[in-house]
Amino acid sequence: MVAEMTSKERVLAMLNRKQVDRIPAITGSTMVKEYIEKSGGSWPDYHSNAEMMVNTAGLMHTDAGLDNVVVPFGMFIESHALGLDVKMGRIDIQPSVRSFFSKPEEVKYDNFLEDKYVKTTLDAIKLAKEKFPDAAITAFLVAPVTLAGDLMGAENLSMLSIKCLQKEKQMQKMKEWISVALEINKIYARACIEAGADALYYSDASASPNLVMPEFYYEIGVPAEKELGDFVHSLGCPWELHICGDTTPIVEGMSATGANCLSVEQAVNMSEVTKIAGEVPVVGNLTPLLMVEGTEEQITGAVRKALDGGAKGSMLGCGTPPLSTSDRLKTWVKAVADWSAEKL
Amino acid sequence: MEDLPEEVQGLIEELDEAAEDEDLDKIEDLTQKLLKTGVDLEAITLKKLSFLVMEGEEEMAQGWTRVAIQVGLDPFKTLIEGLAEGMNLIGKKYEQGEAFVPQLLIASSAMYSGMDLLEPYLKREKGHTSKPVTVVIGTVEGDVHDIGKSLVKTLLSANGFNCVDLGNDVPASKFIEAAKENRATAISMSTLMTTTMAEMPRVIKMLKEEGIRDKVMVMVGGAPVTTEYASQVGADVSPHDAASAATWLKSSVNDFPPECERWN
Ligand code: B12
Ligand SMILES: [Zn+2]
């Protein structure tokens, strides 16, 4: 038996492959409408007001009982700071990037840390550390392939992912985009860690086999993520890697990046991927929509299935939907605790 | 192609290279030489075009479209049995899990690059074919994901449909307006987000309110959209990907009253 842990200890133990008192339940994005309203947040201010952001994200920990507190709320911060157009979405839709660059040389990032949303993220990390010292304060960041996709446009990323495997000239182009993305990633990562983040959660949504060639992921994606991950580790911080869609063909590559845990979607079979990942903890795979319309039975069933399949943390497949309800989030956390009490 | 005389095979290879380098004079010259050999250049060109589109070879597909134009091949035949055939072939492979999205996208660029060259010839001869069936297509309001939508459009175009593309983040009323204006036969809506799925029944409700629901077929699709959801919201169908959307629509238009009957 392991003595009772705080949420933060539990998450860090899982990431460091140590024993836990119970399986941690963690989240990626946390822009939940019910909690925004409950904490008095208003759209779109909660994206640029650190206090509103932390009050909302904090309810995921204090009310729902999740083990981490995650900021910011969307994957648009990096792009906004680089001067791309961002559409702010709605209270129930995350902001999205609406423009892209035509050449890597156009990307200027000297004043990256001066951006208002970047500043909000850093302030929110500091504030969350103060307010919730027992939770794992996690920064939600865009990983290199996806950032390169935001820089050049997702459709161009997809096409270049096959062309670069065929022609050396295209490969050079791809490498230039990726190296700019990595420079930006490192600036932001360092700032988040200096602000006190306990872990970095990287989404590489666009590295998915649903969008790019798996061979491209192995040849370019894995080394890029590893370079960033090694940098994060050199600053003493663990990191989590999420990739969307059916990642079964690339889990082996994901395991080779050095990520402290891999987060996968509902499109994969948990027991199959935990076998491929071996020692590397895998989390995720719960259908996000369960938090919007799932019954207690469905939620409990899905949680148990993932944990029986070898998941080391309980997590939704692809971010927490904005229309999630607090009672369902609690049902999820309870199911994790019950399973742990029985089987750990 | 392997059973062609060696001389012809050599010329075809040279033509491939000239096309890759976009050397127009050389393409013209080699086409003449090929014609002189007396081979069935029409059959070779169509086969080449479908293969090159399938492989996503944009420059070469363009080069061989020039060959087709130079030898006076029927532009519609060039499009349907050459360029579009290649798009359909890769679409089928994707449907069977044997190809990935990037392959569809580069095939799509290759097809369109050839189509651009054919465009002026297609127009000139338009008089002699029946009016193509029109599909109004877009991604619903609030959602900016449009790669999948564009692939549906590509496959529909490859199968001879005329697509009116409204882009992404399209308000419900725009679908209705465009359907009326173009006397559409079908509306195709995409969404990739669960939060914007509810836009689909909104569009269908508006169609009913405007009294034109029975004038169009409604297809809905995108990763979170299931067949059950489609029938629940009153859509006609949700084929599971872009290739099957084209197949379904092609067979369904036969049983659907023609445009003049519906819209008059
Ligand atoms: C690329 C991408 C983007 C790009 C989109 C670029 C563009 N121009 O389209 C960018 C970076 C802009 C983006 C933004 C966002 N995204 Co995004 N994105 C993706 C990603 C990685 C791939 C989607 C894709 O293009 N797939 C390839 C195409 C070909 O597939 P497809 O669209 O499904 O189409 C196929 C079929 O569905 C079908 N089909 C499509 N339409 C139709 C229509 C009919 C009638 C039929 C029959 C068939 C059909 O045919 C196609 C081919 O066969 C997915 C994750 C993933 N791996 O799937 C997330 C994903 C879709 N995004 C998501 C989210 C949440 C967002 C954002 C809100 C924020 C974010 N996390 O980045 C914003 C969106 C804001 C907004 N208001 O829309 C979520 C959606 C979650 C959900 N289910 O609700 C996903 C699943 C991942 C995630 N959590 O980040 N995204
Ligand atoms: Zn995802």
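Chain letters run A, B, ... following the sequence lines, proteins first and then strands; every chain starts at 1. Since this is a predicted model, take the numbers as computed values, not measurements.
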Of all the heavy-atom pairs spanning B/P102 and A/I162, show the shortest one and how long it is. CB-CG2, 3.9 Å
Does any backbone or side-chain atom of A/P288 lie under 4.5 Å from a heavy atom of chain B? Answer side chain, backbone, both or neither. neither
Table up the donor-acceptor pairs between chain A and chain B that sit under 3.5 Å, atom names plus distance.
from: A/K87; atom 1: NZ; to: B/D169; atom 2: OD1; distance (Å): 3.2
from: A/K87; atom 1: NZ; to: B/D169; atom 2: OD2; distance (Å): 2.1
from: A/R98; atom 1: NH2; to: B/N168; atom 2: OD1; distance (Å): 2.9

Looking at every heavy atom in both A/P214 and B/F100, which two are closest together, and how far apart are they? CG-CZ, 3.5 Å
Let me know if A/A267 has heavy atoms under 4.5 Å from chain B in its side chain, its backbone, both or neither. neither
Can you tell which part of A/L211 gets under 4.5 Å to a heavy atom of chain B, answering side chain, backbone, both or neither? both
Given a strict heavy-atom distance threshold of 4.5 Å, which part of A/P322 is in contact with chain B: side chain, backbone, both, or neither? side chain
